[in-house]
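What follows is one structure encoded as structure tokens, with my remarks underneath.
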Amino acid sequence: MQLTRALFDEVMVPNYAPSPIIPVRGLGSRLWDQQDREFIDFAGGIAVNCLGHCHPVLVNALTEQANKLWHLSNTMTNEPALALAQRLVDTTFAEKVYFANSGAEANEAALKLARKYGNDSGVEGKNQIVAFNNAFHGRTLFTVTAGGQPKYSQDFAPLPEGIEHTAFNDLEAAKALINENTCAVIVEPIQGEGGVVPADLEFLKGLRALCDANGAVLIFDEVQTGVGRTGSLYAYMNTGVTPDILTTAKALGGGFPIGAMITTEHYANKYAVGDHGTTYGGNPLACAVAGAVFEFINTPDVLEGVKQRHQYFVDALNKINAQYGLFKEIRGQGLLIGCVLKDEHAGKAKNIVTLAGEEGLLALVAGADVVRFTPSLIIPMEDIDEGLNRFSRALARL
Ligand code: PLP
């Protein structure tokens, strides 16, 4: 069988346009393709491969569990799920955990829980959800509607009702929408897909106060920012604002699919037996790997290393930019970094990522105007240097 990029167009549903590069193996922050060409990985599977590729700790956790028990379904619990839930509860504001298989599913669980809470509250019409322009929360019908990019939802009408959007980082605009009929506000502490845009602290504090005043659930979508990405275990820990519900996925499994919604006992108890569920959520394989990821990442050394790498990236990128002058800003936190193109170069992020690929560097876009890096949280310094050399060569060609 000829397994080529052309075959993708023949046999796959055309909802993606993958790169011509087909990696076949990876180690740490390097990947090799079918022709054995080597790539430095600053994409990290879109903020997923937090320990790079094939980290021995994760390979061991997976193979050990694979030799014990793969799957039970939700009719029985299992030890890796219990251990991971205990870890999440011990290290965050949360008291209860619901396991899903992806970020979208974790958000779906959060939004449904908030709706149930509103509907049970005794306040007539308490079912409105406030979300933000340019937000991204996943691709199920509910989460794509909560997302703030109409291009992802408009073709799938009729959409779920009762979701209103307003400008991100505009507290006055949010104040105008949030009232006693609001059951939830959902926000990313840093908009990832929307262009690596950090929320202002005052904005998040203001949302917390508005939710408290109106009895609304504050949901932080930390699918992209969670599990050490910002240099803290979760980004809310940098803000002084504690959400009522937090969703986490991506890096949680380090490459094995898993998501979770974590919350307080007060909100968790709104779900009764049978209200929500999934066959695979809390699967022993996923939870065994995620437990190993969590234990590895949640140490002062690794989290401090993320902050150091952030500064290293930003300093080097500013130096590169002094030469080429393409970017107006390097922004983000930890190892969620956005290089924002100047207005005169708007729309070129994709071209840059394509050229970077040709130079042997895997990077991402975040919208048309931002080149995004979400590498492994333990990427070796020499791989950062070599990746940035390749990035520099791509910019020179542009
Ligand atoms: N929420 C945020 C903030 C995301 O960045 C993403 C994915 O990019 C999602 C939710 C959806 O996660 P998944 O693709 O695992 O469903």
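Just so you know, these numbers use all the heavy atoms, side chains as well, and skip hydrogens, waters and symmetry mates. Every value quoted in this text rests on a predicted model; they were computed, and no experiment measured them. Remember, it's 1-based here, ligands and their atoms both numbered in the order they're listed.
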Requested in this report: Is it possible for you to say whether F256 and V293 belong to one hydrophobic cluster, with membership spreading through side-chain heavy-atom contacts below 4.5 Å?
Outcome: yes
Contacts for ligand 1, heavy atom under 4.0 Å, by chain and number, are S102, G103, A104, N107, F136, H137, G138, E188, E193, D221, V223, Q224, K250
- Task: Would you kindly say whether T92 and Y234 are connected by a side-chain donor-acceptor distance under 3.5 Å?
- Result: no
When every non-hydrogen atom of F373 is compared with those of C339, the smallest separation belongs to CE1-SG, 4.0 Å
- Task: For T230 and N238, test the side chains for any donor-to-acceptor distance below 3.5 angstrom and give the result as yes or no.
- Result: yes
Is it the case that the side chain of K126 and the backbone of N119 share a donor-acceptor pair, with hydrogens and angles ignored and the cut-off at 3.5 Å? no
### Task
Could you give me the CA-CA distance, side-chain angles and deciding distance for F313 and F42, then say whether ring-ring contact (aromatic ring centres under 6.0 Å, His included) is met?
CA-CA 11 Å; F313 257 103; F42 282 2; 5.0 Å; yes
